[in-house]
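Naming convention: chains lettered A, B, ... in sequence-line order (proteins, then strands); numbering from 1 in each chain. The structure displayed is predicted, hence computed values, not measured ones.
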Amino acid sequence: MKKDLSSDALEPVAGNGLLHRRLFLTQGAAVLGSGVALMTARNASAAPLEVPATMKTPGVPASGYGERSRFESKVQRITNGAPPTPGTGGSRTPLEYLEGIITPNPLHFERHHNGVPDIDPEQHRVLIHGLVERPLVFSLDALSRYPLVSRIQFLECSGNSAGMNTPEPAQQGAGGLHGLVSCANWTGVPLSILLQEAGVKPEGKWLLAEGADAAGMSRSVPLAKAYDDAILALYQNGERIRPSNGYPVRLFLPGYEGNMNVKWLRRIKITAEPTMTKDETSKYTDLLPNGRAEMFTFPMGVKSVITSPSGTQKMQGAGLYQISGVAWSGTGKIRRVDVSADRGKTWAQAKLDEPVLSKAIARFRLPWRWDGSPSVLMSRATDEAGNVQPTRAKLMADRGPNYRYHYNAIQSWNVTAAGEIGNVYV
Amino acid sequence: MSTCKPMVAAFVLFASAGAVAQEGPHLGVPVSPADVAAWDISIGPSGAGLPQGSGNASAGASVYNTKCIACHGEKGVGKPSDQLVGGNGTLHDAAPVRTVGSYWPYATTLFDYIRRAMPWPQPQSLTPDEIYSLTAYLLFLNGVVGETDVMNATTLPKVVMPNRDNFDVAYHEPRRR
């Protein structure tokens, strides 16, 4: 959080000190860019600057596979307690520590149902069979020779933010609450090419995708999605997919709930009907208060969360801050994000960083002059189809507390006069 | 509720068999249906592909008590892992109990899932007779079949689960132009 006290001339555009998003485009660059210098100038008693030791001794040599600075080791994926069967858990992306739109591979969220398999790519095979003219088996070498497509897209676990269903707000950070979402540059083979080679029979309407893990994770996917934008992903942010994300190959279905993006993909069976696997009936279905349940609720809803300032962080005194956050939608591009600093009474449109991509995380920013009084920060995303992120009250009224999946309500962060930030229900 | 408006214009419209896709290098190796048998373990509601074999609840009870009870409790009451039995009539409640009996729409899912994933420490270790027996036992404990009813490739797909008709499909096929 950059802080600068010299911006009193800037006009608010919404209640409680929200400033115009253009601040960062024009004078903002000068004002904020020099924030450190201004603060130093004001702290006239700063100690004399010494020549750092790093300039007086050679650094370590180049290395084969890069490591982050040892000073950053606190940035870890977040696990919420260990389940009794260790392989059924997951870990979340620490959203509050990250910037931009790309999740570094070691911090991409993971969710497994019976651990991460250790797969030798030489041995691995992908089978396409069922209602096809020609059942085919592909080696990894073969798949790697197919035309590739590369896109930046988010992946979100359907159960992300499920902790927000509790009656009292859990006191966790942005990542602890909403970190089952990440965004990466996924590269792979369009599934449509492989299906064309196998020759789908006219009765084929669905496919079953199955992983080579000990859970034999399996989900039914409509063929329309397979032909639209599904890929067999081989690369994640330029390098081969991590084991925890499906090495050596995973199904990637842009915008669809994470569980369907079957990792360690070994088999695609073309079927006439959905297979009705455990994870599309018992789990990943959405129970409504009237006792009926929705199944095949595939796209992830439009959603956003402010990552700075956010839960568990602390304000550093009154002054100018940049609100920063992430927004995404399983339906398409983010059209706009609005931010409120007064509990949703008034809203100001945030600036979206370029690029704003379809089914990808978009980064939004807005300057905020905090006067040191208690405040509630909120963000509300709208996607290009016109879907608007609902309030928590509306979401809970519509679907009750037992829906479990697809929680996408507006997140509110409570800021106290002391600068403590916490999760609050509005 | 999944009331997401779709991006209609973004759909690539397809004709199921004749989709227009980029040309690929044709590197898939043909394989006969017989040679995929060991991998073809998924069972849909029609029951197609169910293996030979059979079992009833009493046979299932003894398998359950050695291989499942540690995680799913006596007679499927649960803890530490999922509760498998009970919860009937609770789906409207403030704290609904979702189990095989109260929630699952298809009995074939039970066979499919036990075969591929259970017991958790040794997946794919059970024989077809053991899986049919366990399926029969869990259905019996949930009051769906009788204690001596035999589950096999013919009888299992005919089992009607109590909650079958309480699911609504939210996915809709994109319309063709």
Side-chain angles (χ1 to χ4, degrees), chain A residues 84-85 114 127 129 134-138 142 145-147 190 192-194 196-198 200-202 204-205 208 210 214-216 218 222-224 227-228 267 269 271 273 275-278 281-282 285 287 290-299 301 331-332 384-387 398-399 402 406, chain B residues 1-2 4-8 10-12 14 16-17 19-33 36 39-46 71 80-82 91-92 94-96 98 100 103-106 108-109 112-113 116-117 120 123-124 163 166-171 173-174:
Chain A
T85 42
N114 200 349
L127 166 67
H129 73 134
R134 295 166 292 280
L136 296 172
V137 174
F138 296 87
R145 263 192 54 199
Y146 275 72
S192 55
I193 301 179
L194 304 176
Q196 179 162 277
E197 290 188 356
V200 174
K201 293 184 175 165
K205 295 283 180 252
L208 178 85
E210 183 177 83
S218 53
L223 273 189
Y227 287 122
D228 179 6
R267 184 164 79 101
K269 182 176 189 177
T271 58
E273 302 282 347
T275 302
M276 302 293 181
T277 69
K278 181 269 247 183
T281 55
S282 171
T285 48
L287 181 60
N290 65 7
R292 296 191 68 81
E294 298 193 329
M295 67 192 332
F296 305 145
T297 47
F298 299 147
T331 302
E384 61 179 330
N387 297 299
D398 282 355
R399 55 179 235 183
N402 294 311
H406 292 274
Chain B
M1 310 245 299
S2 52
C4 250
K5 283 183 235 165
M7 279 296 294
V8 179
F11 283 120
V12 172
F14 76 101
S16 53
V20 189
Q22 220 177 325
E23 179 69 22
H26 294 272
L27 300 175
V29 179
V31 58
S32 74
V36 308
W39 278 31
D40 190 6
I41 56 171
S42 51
I43 304 295
S46 75
C71 295
S81 298
D82 293 272
L91 297 184
H92 302 75
R98 279 164 265 204
V100 171
Y103 195 63
W104 288 34
Y106 299 99
T108 45
T109 308
D112 171 286
Y113 184 67
R116 72 174 57 244
W120 196 82
Q124 299 209 40
N163 196 44
N166 293 322
F167 285 84
D168 296 305
V169 171
Y171 172 78
E173 195 86 329

**Asked** Among Val36(B), Asp112(B), Thr108(B), which has the most heavy-atom pairs under 4.5 Å with chain A?
**Response** Val36(B)
**Complete:** Scanning both residues in full, the closest heavy-atom pair of Tyr146(A) with Gly24(B) reads CE2-CA, 4.1 Å
**Asked** Is it true that Asp40(B) and Lys269(A) have a side-chain N and a carboxylate O under 4.0 angstrom from each other?
**Response** yes
**Request:** Side chain from CB out, backbone as N, CA, C, O: work out which of these in Arg292(A) comes under 4.5 Å of a heavy atom of chain B, or both, or neither.
**Result:** both
**Prompt:** Would you call Pro25(B) and Arg145(A) a side-chain contact if the rule is heavy atoms closer than 4.5 Å?
**Reply:** yes
**Message:** Quick check on Phe167(B) against chain A: is it the side chain, the backbone, both or neither that has a heavy atom closer than 4.5 Å?
**Reply:** both
**Prompt:** Checking Trp39(B) against chain A: side chain, backbone, both or neither under 4.5 Å from a heavy atom?
**Reply:** both
**Request:** Test side chain to side chain contact (heavy atoms under 4.5 Å, CB included) on Leu136(A) and Val31(B) and set out the steps.
**Result:** CA-CA 6 Å; Leu136(A) 296 172; Val31(B) 58; 5.9 Å; no
**Prompt:** Are any side-chain N or O atoms of Glu197(A) and backbone N or O atoms of His26(B), one a donor and one an acceptor, separated by less than 3.5 Å?
**Reply:** yes
**Per-residue contact mode, Ile41(B) against chain A (heavy atom under 4.5 angstrom)** = both
**Prompt:** Between Asn114(A) (side chain) and Trp120(B) (backbone), is there a donor-acceptor pair under 3.5 Å?
**Reply:** yes
**Request:** Output the option from Gly301(A), Pro299(A), Gly291(A) having the highest count of non-hydrogen pairs under 4.5 Å with chain B.
**Result:** Gly291(A)
**Fill in**
What one should report as the nearest heavy-atom pair of Val169(B) and Phe296(A) is CG1-CD1, 3.8 Å
**Request:** Let me see the working for Arg116(B) and Lys278(A) under side chain to side chain contact (heavy atoms under 4.5 Å, CB included), right down to the final yes or no.
**Result:** CA-CA 11 Å; Arg116(B) 72 174 57 244; Lys278(A) 181 269 247 183; over 6 Å; no
**OH-OG1 distance between Tyr106(B) and Thr277(A), expressed to the nearest 0.5 angstrom** = 12.0 Å
**Prompt:** Between Ala215(A), Pro190(A), Gly332(A), which shows the greatest number of heavy-atom pairs under 4.5 Å with chain B?
**Reply:** Ala215(A)
**Asked** Please walk me through it: do Ser282(A) and Trp104(B) pass side chain to side chain donor-acceptor pair (under 3.5 Å)?
**Response** CA-CA 6 Å; Ser282(A) 171; Trp104(B) 288 34; 3.0 Å; yes
**Request:** Given side chain to side chain contact (heavy atoms under 4.5 Å, CB included), test Leu287(A) with Tyr103(B) step by step and report yes or no.
**Result:** CA-CA 10 Å; Leu287(A) 181 60; Tyr103(B) 195 63; 4.2 Å; yes
**Prompt:** Is it the side chain or the backbone of Asn290(A) that comes within 4.5 Å of chain B heavy atoms, both, or neither?
**Reply:** backbone
**Request:** Just give me the residue among Glu273(A), Met276(A), His406(A) that pairs up with chain B most often, heavy atom to heavy atom, under 4.5 Å.
**Result:** Met276(A)
**Asked** With the threshold set at 4.0 Å, does a side-chain nitrogen-carboxylate oxygen contact exist between Lys205(A) and Glu173(B)?
**Response** no
**Request:** Could you check if a side-chain atom of Tyr171(B) sits within less than 4.5 angstrom of a side-chain atom of Thr297(A), using non-hydrogen atoms only?
**Result:** no
**Message:** Between Arg267(A) and Ser42(B), do the side chains contain a donor N or O and an acceptor N or O under 3.5 Å apart?
**Reply:** yes
